[in-house]
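Numbering of residues begins at 1 and proceeds along the displayed sequence. As a basis for the values below, the full set of heavy atoms in this structure was taken, side chains included, without hydrogen atoms, waters or symmetry mates. All of these numbers come straight from a predicted model, not from anything done at the bench.
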Amino acid sequence: MKRFIAILTTGAFLQACMTWAPKPLEPTRFDGATPDRRVRVTLENGGVLVVKNPFISGDSLVWLRAVPDDPRAGDSPPRTQRQGIPLAQIREVEVRQLDAARTTIAVVATVGLAALLVAAANDPLGNESGSGSGSGSGGTGGSCDYCASCPLVYSWNGHEWRLDSGTFGGAVMHALARTDVDNLDFARPQHGTLRLKVANELSETDYLDALSVLAVNHDAGLAVAPDAAGRLHTIGALTPPATARDFRGHDALARVRAPDGWNWESGPGARDTLIAADLRDGLELAFPRPLGAGSGRLVVDGNVTTWAALMMQRFIAAHGRATQAWYDSLDRDPQGARRLGAALARQAFLSAAVLVDGRWQPQGLIWDAGPETSKRQVAVLDLRGVVGDTVRVRLESVPSFWLVDRVALDYAPERPIEITELTAESAVGMLGKDVRGLLATVDDRPLRLEPGESAQLSFGVPDVPAGKARTYLLRTHGWYRIHAPEVGEPDVALLGALQSDPLGISKAAVARMNVALGAMEIAGR
């Protein structure tokens, strides 16, 4: 963790994240053993000095000052001169040190708060001791070796493979297998052939039961994107928000007006698990409303964070040595599994609501999209109860669970589209095995991918009709199993709270977040 903080706090970044902190004048603290340490000394007469690496000698604070080179000295070593101030003349000493809160603020725009929290978490399973406990063992320090999210799909753009999708996120067990649709932004057919690669690069086992490509023809100037159920919607001229603020009142408009990779993410301030307002975060946005608009399509570009993936892993690892029995029980009880999945979704996915008569009316969910790449999703909003020329939208989830790149509204009617579903003409797995039969249809005979395994697929694509544009989308069905350590006794208290408390996931995530922030502060001392 200290090495990670050191990398982040070099050069100008270091200056932005440092602060002066008062320290007692103790010989063990000021011993001259920290070469780059700067100390600000305030004298009793009001004078201030900034010195480098001082030490206490007798009744004085002493340091060495470089003396300008004597041109006649040739290549002799640089000279220093000893200087000092009696301790009795010193009112206060302050040390230039890392400010954990300012460090977090400064780095969020670069690597994201969630990445810092994961790096700061001593034990990704939440075990302070790092050894056997109710939620398992096997901590990996500041790494996230057990973090997992979903299978990764790459598109060939004519020059290189580009990561284009993290598919069926949240389907963490067979009982929660689902169909997912995602835009392929980088797919570029070459000579009538579109190429994809599906890969497992994470600590999980992927079960891919079906995979196809949707070739969608539409009018030029339009785009196409899916909703949570996989239905396709046209997107035309988008209306950006007029205002956007997070739940603590911070202005987020510049971050969410355009899909530019400059994401909104929860603020890094510490949160109290006993205060309900601290357990949720999100955005409240205001959009101008055309006269008489009774519906709108909310368009959100975003994805979950590495912190969200880590918390999902912790939930599974909390079952300890009973993990397999838990999976088996849910396979025998599909309705119970769906209830569990719905409860997880209500808390951890990004919920959308519209303000009607002073109350937030739920409008649906923005589904889990893995932390590796952003996903565009649509939620259809019912605006018939909205009065006036402004639509107010609320997006909400667990703090630090989501990165939101762009939010916009499309009020125009849906336009006609033509959809052609393409199945793979070739699908080659490990050791050259033909896996087309495993991916052709949903039949519970999945292609199984262990970490490091992949498959490449080719699709023949029809010509684009004259006067039309085309969008390619990926349709998949499957699930994955995260490789959490299955050791130790189940953490019954944690599991009970997560499943019975409507804010159980938020409370557990915020509690662990506070531990990670504390680790960051300690590392910066």
*Can you find a pair of side-chain heavy atoms, one from Arg406 and one from Arg257, that are under 4.5 Å apart?*
no
_Using side-chain heavy atoms (C-beta onward) and a distance below 4.5 Å, is Arg248 in contact with Asp246?_
yes
*How about Asn200 and Leu152: do any of their side-chain heavy atoms sit closer than 4.5 Å?*
no
*Which value, rounded to the nearest 0.5 Å, describes the distance between Ile366 atom CD1 and Leu395 atom CG?*
7.0 Å
*Shortest non-hydrogen contact from His483 to Thr205?*
NE2-OG1, 2.7 Å
*Any chance you could lay out the salt bridge (Lys or Arg N to Asp or Glu O under 4.0 Å) test for Asp405 and Arg376, step after step, and finish with the verdict?*
CA-CA 10 Å; Asp405 191 16; Arg376 179 166 299 162; over 6 Å; no
*Decide yes or no for Asp164 and Leu474: does some side-chain heavy atom of the first lie under 4.5 Å from some side-chain heavy atom of the second?*
no
*Side chains of Asn217 and Arg470 in contact at under 4.5 Å (non-hydrogen atoms)*: yes
*Exercise: identify the closest heavy-atom pair between Gly170 and Leu176*: O-CD1, 4.2 Å
*Over all heavy atoms of both residues, which pair between Pro151 and Glu204 is shortest? Give the atoms and the distance, please.*
N-OE2, 3.7 Å
_Within the supplied structure, the quantity of interest is the number of heavy atoms (other residues, nucleotides, ligands) at a distance under 6.0 Å from Glu160 CD; does it exceed 12?_
yes
*asked:* Does any part of the side chain of Leu283, heavy atoms only, come nearer than 4.5 Å to the side chain of Val404, both counted from C-beta?
replied: yes
_Just by distance, no angles: are the side chains of Ser212 and Glu421 close enough, under 3.5 Å, to form a donor-acceptor pair?_
yes
_How close do Pro413 and Arg297 get, counting heavy atoms only, and between which atoms?_
O-NH2, 4.0 Å
*Is it the case that Ser351 and Glu396 place a side-chain donor and acceptor less than 3.5 Å from each other?*
no
*So, do Thr390 and Arg392 sit near enough that their side-chain heavy atoms are less than 4.5 Å apart?*
yes
_Audit row: Arg394, Glu284, salt bridge (Lys or Arg N to Asp or Glu O under 4.0 Å) steps and yes/no_ = CA-CA 5 Å; Arg394 181 182 176 98; Glu284 292 188 5; 2.3 Å; yes
_Separation of Asn183 CG from Leu473 CG (nearest 0.5 Å)_ = 4.5 Å
*Is any NZ, NE, NH1 or NH2 atom of the basic residue among Arg415 and Asp410 found under 4.0 Å from an Asp or Glu carboxylate oxygen of the other?*
yes
*How many angstroms lie between CD1 in Ile275 and CG in Leu279, if you round to the nearest 0.5 Å?*
8.5 Å
*What are the two closest heavy atoms between His233 and Asp227, and how far apart are they?*
NE2-OD2, 2.9 Å
_Looking at every non-hydrogen atom in both residues, tell me the closest pair between Ala369 and Gln377 and how far apart they are._
CB-NE2, 4.3 Å
_Asp219 vs Lys468, salt bridge (Lys or Arg N to Asp or Glu O under 4.0 Å): CA-CA, chis, key distance, verdict_ = CA-CA 5 Å; Asp219 291 340; Lys468 293 291 184 177; 2.8 Å; yes
*Would you find more than 12 non-hydrogen atoms of other residues, nucleotides or ligands less than 6.0 Å from Asp357 atom CG?*
no
*No-hydrogen, no-angle side-chain donor-acceptor test under 3.5 Å, Thr234 and His218*: no
*Would you check if Val442 and His477 make a side-chain contact, meaning some heavy-atom pair closer than 4.5 Å?*
yes
*asked:* Trp156 and ring-ring contact (aromatic ring centres under 6.0 Å, His included): which single residue from Phe186, Tyr472, Trp161, Phe459 fits?
replied: Trp161
*Considering residues at least two apart in sequence or located in another chain, which fulfil the side-chain hydrogen bond (donor to acceptor under 3.5 Å, both in side chains) criterion with Asn514?*
none
*asked:* Could you measure the distance from the OH atom of Tyr207 to the CH2 atom of Trp479? Nearest 0.5 Å is fine.
replied: 7.5 Å
_Ionic contact status for Arg475 with Asp180, cut-off 4.0 Å_ = no
*Would Ser400 and Ser266 count as having a side-chain donor-acceptor pair, cut-off 3.5 Å?*
no
